[in-house]
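All figures in this text were calculated on a predicted structure; none of them were measured in a lab. Chain letters run A, B, ... following the sequence lines, proteins first and then strands; every chain starts at 1.
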2 protein chains.
Amino acid sequence: MSEDNRITIKDIAKETGLSIATVSRILSGKGQHNGDTVKRVLNVAEQLGYVKNTAAVDLVKRQSHVIAVIVSNTKSNFSSSIITAIENQAAANDLDVFILYAGNNDSSSQSRAIRTVIERAVKGIILVSLELNEHVKSILADTTIPSIFLSTAVKDQSFPYVTSDNYQMGYKATEFLIKKGHRSIGLIGIPQHGSISDRIRGYEQCLHDYQIPFNDKHIQIGDCLYEDGSNALTKFENKLPITAAICASDVVAIGMMNSVKDAGYKVPDDLSLISFDGTELVDYVRPAITSVTQSFYNMGIEGVNYLLNDATIKMKYLPFKIIERQSTQKLI
Amino acid sequence: MSEDNRITIKDIAKETGLSIATVSRILSGKGQHNGDTVKRVLNVAEQLGYVKNTAAVDLVKRQSHVIAVIVSNTKSNFSSSIITAIENQAAANDLDVFILYAGNNDSSSQSRAIRTVIERAVKGIILVSLELNEHVKSILADTTIPSIFLSTAVKDQSFPYVTSDNYQMGYKATEFLIKKGHRSIGLIGIPQHGSISDRIRGYEQCLHDYQIPFNDKHIQIGDCLYEDGSNALTKFENKLPITAAICASDVVAIGMMNSVKDAGYKVPDDLSLISFDGTELVDYVRPAITSVTQSFYNMGIEGVNYLLNDATIKMKYLPFKIIERQSTQKLI
DNA sequence: AATACCACTGTAAACGTTTACATTAAACAA
DNA sequence: TTGTTTAATGTAAACGTTTACAGTGGTATT
């Protein structure tokens, strides 16, 4: 009875005396069939332990019903909201989701991941928080598989994306602190390049609009990492030349808060902190961190919807909001 | 030139005047071929933008070279270490990794995920932190695809697994606190059932060995969640009947610490805290949390190795160690 | 009684690879 | 010369589905 080989519809056909076409139709719920026959096929399939061979299905259909999500492997905890949303929205549309990791600066791991999913003729590709170099983008552009970037703006508009307006976020975060009386405001852990760096522009513009002199000593370039935050004080030569800091991510803020507290300063008394992202981490620490909270969940939803509706190329900014917690206070 | 359809080796064959067999062999580096021919094929493939159809390959080879990782979708941050390890070890063996999420108590999402990967004839399945019900386990058992559980002990030994010894961890965590003078020790957020619940047994045994009376009021069943920790004080009716607590996970400890601090208590002065896992989170908070640190990265490595070496069924415990940080202190 | 329709099922081609086996021609050995 | 080996390539079957098309027999319509 149990061969070494996997059970195929051929086996079911033999067992039931039907043709493989009929079995196939019944198993995939197409056409109309005698009720008894259906039951018989289903029973036999169950008994024999049949599992469909998706490779064969995908081959003949020339399309698989999976959505590939390629995520930056950097310690970015916000992606979990996005992924949850994608999972939910995909499940609602009877799609499977495969998640792959790729390095953000590692073009070989990027192209490997992308090749992997293109080779499988996935239904769509969602790239989360990933900046691709030109070569990898061209691989992606050469296929007819729709793709969309989340949490990254593709500067040359060659691909659709859904993200937050980094310039605006930078501006608003700065303005938030200014309105609390701060005039010496640090900017910590933002990358020099890529779409996130627009936050720097927003920061600068805001200072300018409020006639606050720009001081490049207050900016520390980084990579949105914990270390960028925890090293910030050292880089300031262990003094605090600022009364408030805007941190590139929640973990940057946490890192900075820890080193600052460990050095004997108080947050927010000696230093106000605001971070980008607003993941659950901001509530894990004390004082809880005021954040520029992004709509990550909705990004995931929008991403799947875009792929399904096969819309034309577009870019979209999702709203963000500043949620004040305990890490910021009015400068007295 | 550019059809709507994808380029296949057939197109390359036509273009080069070779047979598809030759093209196939050259593209997959098999057999021996004229150097010039090889170059020509490679060039044409590149020019035409050929991408292999993995569905066809998998179909004929009856095996895909991917490792599927099915992860519990519960907010468990430790899985990222495991996944990183799996990625690394898989890449070293030229295997692709697909990650799928499944609910821990959601048997339909579990079986969906498992079906999905079985249908694709993956090379192996790694289940991370997932307890499967009997039905789903039987699906898994019915295939010849090797699978292994990480960070979960399969109680009936029907599948191989690599995890930490939960009983021992429970025992050692308890002993650690006892040796610091604590006698009223809480146990917070541990599930009633499943392999993690062995920690309760270890806890009880340790108390017994040190002749400390067991008090079931000190145990709060939970699900390793932040809320289990943050609600703990309320469940204790806003008093602290204990001087130390063992928390089911880092986030449980953080949740408990926050609510305790918010209520005006001090950690570790009024309450010592120790948590299981020891992810980066324990260093994000102040006081940093003493933890029973597990070897997650190695779990990932071991998982892939098991699948590749096709070893016989086995179970394995990886070492853990207690790392003392700031959240525990001697009871005076 | 002839016709049309319908429910149900079968036949066979197609999807894009891989690979065992066959073939060819050149090189070499005898 | 003839036979043997070898490099390079071709032929064709196979993998497990789906699906357009073609039956078949029965029922309803005229």
Side-chain angles (χ1 to χ4, degrees), chain A residues 3-42 44-45 48-66 115-116 118-122 143-145, chain B residues 3-42 44-45 48-65 115-116 118-122 143-144:
Chain A
E3 306 287 51
D4 182 40
N5 287 320
R6 281 166 73 130
I7 304 294
T8 73
I9 53 171
K10 221 167 178 171
D11 299 314
I12 302 180
K14 205 170 294 171
E15 185 71 19
T16 57
L18 295 162
S19 72
I20 61 168
T22 303
V23 174
S24 168
R25 269 182 241 115
I26 290 179
L27 253 24
S28 51
K30 300 216 172 87
Q32 35 192 354
H33 293 273
N34 183 289
D36 288 344
T37 314
V38 172
K39 264 183 212 152
R40 198 150 44 92
V41 168
L42 262 25
V44 172
L48 262 39
Y50 168 76
V51 298
K52 150 166 53 175
N53 183 324
T54 304
V57 178
D58 289 354
L59 178 59
V60 66
K61 292 205 175 173
R62 308 161 91 180
Q63 165 92 265
S64 75
H65 65 297
V66 348
R115 284 213 110 83
T116 301
I118 291 180
E119 285 175 2
R120 296 195 137 74
V122 298
T143 103
T144 55
I145 302 176
Chain B
E3 306 287 49
D4 182 41
N5 287 319
R6 282 167 70 132
I7 304 294
T8 73
I9 52 172
K10 223 167 178 171
D11 299 314
I12 302 180
K14 205 170 295 170
E15 185 72 17
T16 56
L18 294 163
S19 72
I20 60 168
T22 303
V23 175
S24 169
R25 269 183 240 116
I26 289 178
L27 254 24
S28 52
K30 299 216 174 88
Q32 36 192 353
H33 292 276
N34 182 289
D36 288 344
T37 315
V38 172
K39 265 183 211 152
R40 200 149 45 91
V41 167
L42 261 27
V44 173
L48 263 39
Y50 168 76
V51 298
K52 156 169 43 178
N53 183 324
T54 304
V57 177
D58 289 355
L59 177 58
V60 65
K61 291 204 175 171
R62 308 160 92 178
Q63 163 93 267
S64 75
H65 65 298
R115 285 213 110 85
T116 301
I118 292 179
E119 285 177 0
R120 296 195 137 73
V122 298
T143 101
T144 55

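- Applying the side chain to side chain donor-acceptor pair (under 3.5 Å) test to Thr116(A) and every residue at least two apart in sequence or in another chain returns Asp96(B).
- The side-chain contact (heavy atoms from CB on, under 4.5 Å) search around Val60(A) returns none, not counting sequence neighbours.
- Contact between Ile145(A) and Ala121(A) at its shortest, heavy atoms only, is CD1-CA, 4.1 Å.
- In 5' to 3' order, the nucleotides of DNA chain C bounding all contacts with chain A (an atom under 4.0 Å from a heavy atom) are dA7(C) to dG16(C).
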Pairing annotation in dot-bracket form, given for DNA chain C with Watson-Crick or G-U pairs under 3.5 Å and | for cross-strand partners: ||||||||||||||||||||||||||||||
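- Of all heavy-atom pairs between Val122(A) and Gln63(A), the closest is O-OE1, 3.6 Å.
- Of the residues near DNA chain C, Lys61(B) and Arg40(A), the one whose nearest nucleotide (by heavy atom distance) lies more toward the 5' end is Arg40(A).
- Residues Asp11(A) and Thr8(A) are in side-chain contact: their nearest non-hydrogen atoms beyond the backbone lie under 4.5 Å apart.
- If you check residues 16-28 of chain B against DNA chain C, the residues with a heavy atom closer than 4.0 Å are Ile20(B), Ala21(B), Ser24(B), Arg25(B), listed by number.
- Less than 4.0 Å separates DNA chain D from at least one heavy atom of each of the following residues of residues 32-39 of chain B: Gln32(B), His33(B), Asn34(B), Thr37(B).
- Side chain of Thr16(B) to backbone of Ile12(B): a donor-acceptor contact under 3.5 angstrom is found.
- Counting all heavy atoms, side chain and backbone alike, Ala13(A) lies closest to Ile20(A) at CB-CG2, 3.7 Å.
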